[in-house]
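As the structure lists them, so they are numbered: ligands from 1, and atoms in each ligand from 1. No hydrogens, no waters, no symmetry mates; every other heavy atom, side chains included, goes into these values.
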Amino acid sequence: MIEGKNVLTGVKPTGKPHLGNYLGAIKPAIDMGASAKQHIMFIADYHAINAEKNVEILNKEIREIACIYLAAGLNPDKSIFYRQSDVPEILEITTILTAFTPKGFMNKAHAYKAAVDKNIAAGKPNDDGINMGLYTYPVLMAADILTFNTDVVPVGKDQVQHVEIARDIAGAINAYYGKDLLVLPEASFDDNIAVIPGVDGRKMSKSYGNVIPLFEDDATLKKAVFSVKTDSKPIDEPKNPDEVLVYEIYKAVAAPDKVQEMADGLKNGKLGYGHIKNMLLEAIIEKTAKEREAYNYYMSHYDEVQKILDAGAVKARAIAAKTLQRLKEAVFGF
Ligand code: TRP
């Protein structure tokens with residue numbers, strides 16, 4: 001339940017989202033803007049530089065993600081939308097938080113541990129290629145969250161630990177000064193959101209290379225849809241819909257009556273794989289046509305997007321300045 005709550009989500013600009021990201025994370029997070037008390041979405045560009053240093057790529061990915069969120073229905077009148085790097089108070093708050101963050105927390109953080117494990121598996125020194133940005137990124141993430149008096153952080157499973165670290169840091173600061181300086185955030189993880197399978201049947205994920213891209217041209221979308229795995233049953237052989245991957249994906253995008261139609265057609269041998277792939281393609285296009293068009297519009301009118309982000313940063317800084325002031329008064333006594 002997010003009514004009356006302050007909700008915040010950070011998005012790393014690391015490539016365009018695919019159908020699974022879009023339906024499973026982006027859309028639900030944006031939709032929370034309608035009922036939250038305060039709804040914040042921001043582009044975590046300082047997080048991105050830990051992994052990506054190329055200015056052209058960074059610039060492009062920041063622009064793309066900004067356009068995608070607006071195209072997906074983020075309403076700048078209801079939600080505060082900004083670039084992290086436009087709100088310097090977050091970095092000052094990060095500095096205060098580091099003084100209350102046990103180093104051991106960072107050693108245990110998943111992202112860092114995963115990087116170390118990868119090095120060990122490759123026979124490299126533990127910290128090979130790991131920068132301090134990656135190592136301490138849970139502190140910056142804690143500042144992202146705590147700066148805005150966040151109650152709820154909707155996240156994927158992999159981020160729950162980081163929200164817990166933010167909560168622990170806030171708790172340590174509140175305990176030390178004996179007052180509620182910082183709101184204790186909670187991760188919210190929605191189990192009801194369907195995991196959408198990729199073209200090979202595993203969870204759709206960029207790292208598996210099995211995605212259905214959304215914000216590419218029609219030909220690229222079509223190619224992905226037609227690469228969804230099937231067996232070689234002929235059209236007239238009855239098929240169990242639950243064993244048909246195209247049908248699994250279709251369920252996530254098509255209206256219930258259409259889904260029923262596909263199930264019936266498969267069961268009674270009226271629909272072949274070519275047919276159902278076309279149905280899937282049509283359903284995806286129908287479900288996302290408005291967004292894909294809006295995305296292209298924003299990409300070619302980026303000045304409008306820039307204005308929205310600038311206005312968002314002004315709103316964000318007003319909140320951030322108050323949190324920073326509250327902390328400084330506690331820390332320095334004036
Ligand atoms: N670490 C998050 C990710 O990798 C992105 C992020 C940065 C974030 N700051 C945040 C998410 C604050 C929620 C709240 O996806």
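Residue contact check: Lys12 has heavy atoms under 4.0 Å from atoms 3 (C), 4 (O) of ligand 1. Atom numbering of ligand 1 starts at 1 in the shown order; those under 4.0 Å from a heavy atom of Tyr137 are 1 (N). Every atom of ligand 1 with a heavy atom of Val153 under 4.0 Å away is listed here by number and element: 13 (C), 14 (C). The atoms of ligand 1 that sit less than 4.0 Å from any heavy atom of Leu8 are 12 (C), 14 (C).
Atom CG of Asn50 and atom NZ of Lys12 lie 8.0 Å apart (nearest 0.5 Å). Rounding to the nearest 0.5 Å gives a distance of 11.0 Å between OG1 of Thr288 and NZ of Lys27. Atom CZ in Phe215 sits 6.5 Å away from atom CD in Glu291 (nearest 0.5 Å).
At distances below 3.5 Å, at least one donor-acceptor pair connects side-chain atoms of Gln38 with backbone N or O atoms of Phe148.
Between Asp144 and ligand 1, at least one pair of N/O atoms sits closer than 3.5 Å. Ligand 1 has a nitrogen or oxygen under 3.5 angstrom from a nitrogen or oxygen of Gln159.
Within 6.0 Å of the NZ atom in Lys53, the count of heavy atoms belonging to other residues, nucleotides or ligands exceeds 12.
For atom 5 (C) of ligand 1, the nearest non-hydrogen atom of the protein is Gly10 O, 3.8 Å.
If you look at Ile145 next to ligand 1, the close heavy atoms, those under 4.0 Å, all belong to the side chain. Of all the heavy atoms of Phe148, none lies under 4.0 Å from any atom of ligand 1, so neither backbone nor side chain is involved.
Proximity of Glu216 to Leu221: side-chain heavy atoms (C-beta onward) are nowhere separated by under 4.5 Å.
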### Task
Could you walk me through whether Tyr297 and His301 pass the ring-ring contact (aromatic ring centres under 6.0 Å, His included) test, one step at a time?
CA-CA 6 Å; Tyr297 173 86; His301 296 79; 3.9 Å; yes
